[in-house]
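Taking it in order: structure first as structure tokens, then the write-up.
Residue numbers begin at 1 in each chain, while the letters A, B, ... track the order of the sequences.
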Amino acid sequence: MPNDQRPLPTPTPETAHFWEGCKAGELRLQRCTGCDGSYFPPRPFCPACGSRDVEVYAASGKASLYSYVINHRPPPGFGSDPYAIAVVTLAEGPRMMTNIVESPQTPEALKLDMPLTVTFEAFGEIALPFFKPAGV
Amino acid sequence: MKPGSVAVVGAAETTRMGKIPELSVIGLHADAALNALADAGLKPCDIDGVATAGENPTAIAHYLGITPKWVDGTAVGGCSFMLHVRHAAAAIASGLCTTC
Ligand SMILES: [Zn+2]
């Protein structure tokens, strides 16, 4: 996205592992050691069963396009071109809101269920996880 | 509603008191909520109503893994949580959320 000056997240103690992972080029999820469920966004307990016995692991970075909307009125900091705000389903199960990069931001190019791969873009001290069409 | 037909069955604070640098604001809410759930012998999925102040009750619900039928975000200062108890009793009595 040209002229991208979007607001950036401030890592918290519970999300630091995720943002450190992004900086290291690794998409980190968490899973419950009790019920085995993966979840996102990060938190120090399992949202399925409430257990605090959870662990961090590196996800595959594979996902599929679940849904999106093309925003033709970008807010300040998001450039001036239309861009897709997407929800992807990670191979491990959780869904994540993100942008699709290295692709035209059009319905013709963005097909639902299309396979995607994570890619990280650095914005100073923060790296954001985006997704690109698999094989690109 | 008959007197005594709604009860507080679990109550808790954060696991530790004082400075808790390992938890964010939403994490403090969740820590206390999980402790209250444990006190009541319940799991997040048993809950269908959430009231809180200082954070958005829907955000707290989703963070805890709860899809709420009823939320209350009344914020009137330090006594907000007293109003939440009263609103929760009214919500249960009127059937907006359940206890089973
Ligand atoms: Zn679990």
Side-chain angles (χ1 to χ4, degrees), chain A residues 7-23 28-57 59 66-67 69 75 85-90 92-98 125-129, chain B residues 8-71 73 88 97-100:
Chain A
L8 295 169
T10 303
T12 63
E14 303 98 322
T15 61
H17 69 270
F18 177 80
W19 297 115
E20 281 159 19
C22 288
K23 241 162 115 175
R28 290 180 187 162
L29 292 178
Q30 285 170 297
R31 68 184 155 216
C32 178
T33 54
C35 75
D36 216 31
S38 287
Y39 62 88
F40 179 84
R43 72 205 83 167
F45 59 90
C46 169
C49 74
S51 168
R52 298 182 196 241
D53 293 323
V54 298
E55 61 187 11
V56 175
Y57 72 101
Y66 176 69
S67 187
V69 62
I85 301 163
V87 176
V88 302
T89 306
L90 302 175
E92 292 77 9
R95 292 206 173 111
M96 183 182 284
M97 192 176 282
T98 183
E125 278 303 293
I126 288 286
L128 296 180
Chain B
V8 175
V9 296
E13 294 179 305
T14 48
T15 306
R16 295 195 299 109
M17 303 298 282
K19 283 188 185 173
I20 308 174
E22 72 275 16
L23 289 176
S24 62
V25 172
I26 199 169
L28 294 168
H29 280 258
D31 184 32
L34 290 171
N35 287 343
L37 285 169
D39 190 41
L42 296 171
K43 287 187 176 345
C45 60
D46 298 320
I47 304 297
D48 65 355
V50 174
T52 198
E55 270 280 355
N56 180 317
T58 311
I60 295 291
H62 290 167
Y63 195 70
L64 287 165
I66 293 167
T67 304
K69 287 201 293 191
W70 173 85
V71 291
C97 53
T98 61
T99 55
C100 55

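- Contact check for A/P41 versus A/F18: no side-chain heavy atoms found under the 4.5 Å cut-off.
- For chain B, no part of A/P11 is nearby; none of its heavy atoms comes within less than 4.5 Å.
- Taken to the nearest 0.5 Å, the CD1 atom of B/I66 stands 9.5 Å off from the CD1 atom of B/I60.
- In terms of heavy-atom proximity, B/A12 sits nearest to B/A36 at CB-N, 3.3 Å.
- Applying the side-chain contact (heavy atoms from CB on, under 4.5 Å) criterion to B/A53, with sequence neighbours excluded, gives B/A75, B/S80, B/F81, B/H84.
- With sequence neighbours left out, the side-chain contact (heavy atoms from CB on, under 4.5 Å) criterion links B/A40 to B/V9, B/L42.
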Can you pull every donor-acceptor pair closer than 3.5 Å across chain B and chain A?
unit_1: B/S24; atom_1: N; unit_2: A/E14; atom_2: OE1; d: 3.2
unit_1: B/S24; atom_1: N; unit_2: A/E14; atom_2: OE2; d: 2.8
unit_1: B/S24; atom_1: OG; unit_2: A/E14; atom_2: OE1; d: 3.1
unit_1: B/S24; atom_1: OG; unit_2: A/E14; atom_2: OE2; d: 2.9
unit_1: B/D31; atom_1: O; unit_2: A/R52; atom_2: NH2; d: 3.3
unit_1: B/D31; atom_1: OD1; unit_2: A/R52; atom_2: NH1; d: 2.6
unit_1: B/D31; atom_1: OD1; unit_2: A/R52; atom_2: NH2; d: 2.9
unit_1: B/N35; atom_1: OD1; unit_2: A/R52; atom_2: NH2; d: 2.8
unit_1: B/H62; atom_1: O; unit_2: A/R43; atom_2: NH1; d: 3.3
unit_1: B/Y63; atom_1: O; unit_2: A/R43; atom_2: NH1; d: 2.6

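- For A/P7, the side-chain contact (heavy atoms from CB on, under 4.5 Å) partners are A/F78, not counting sequence neighbours.
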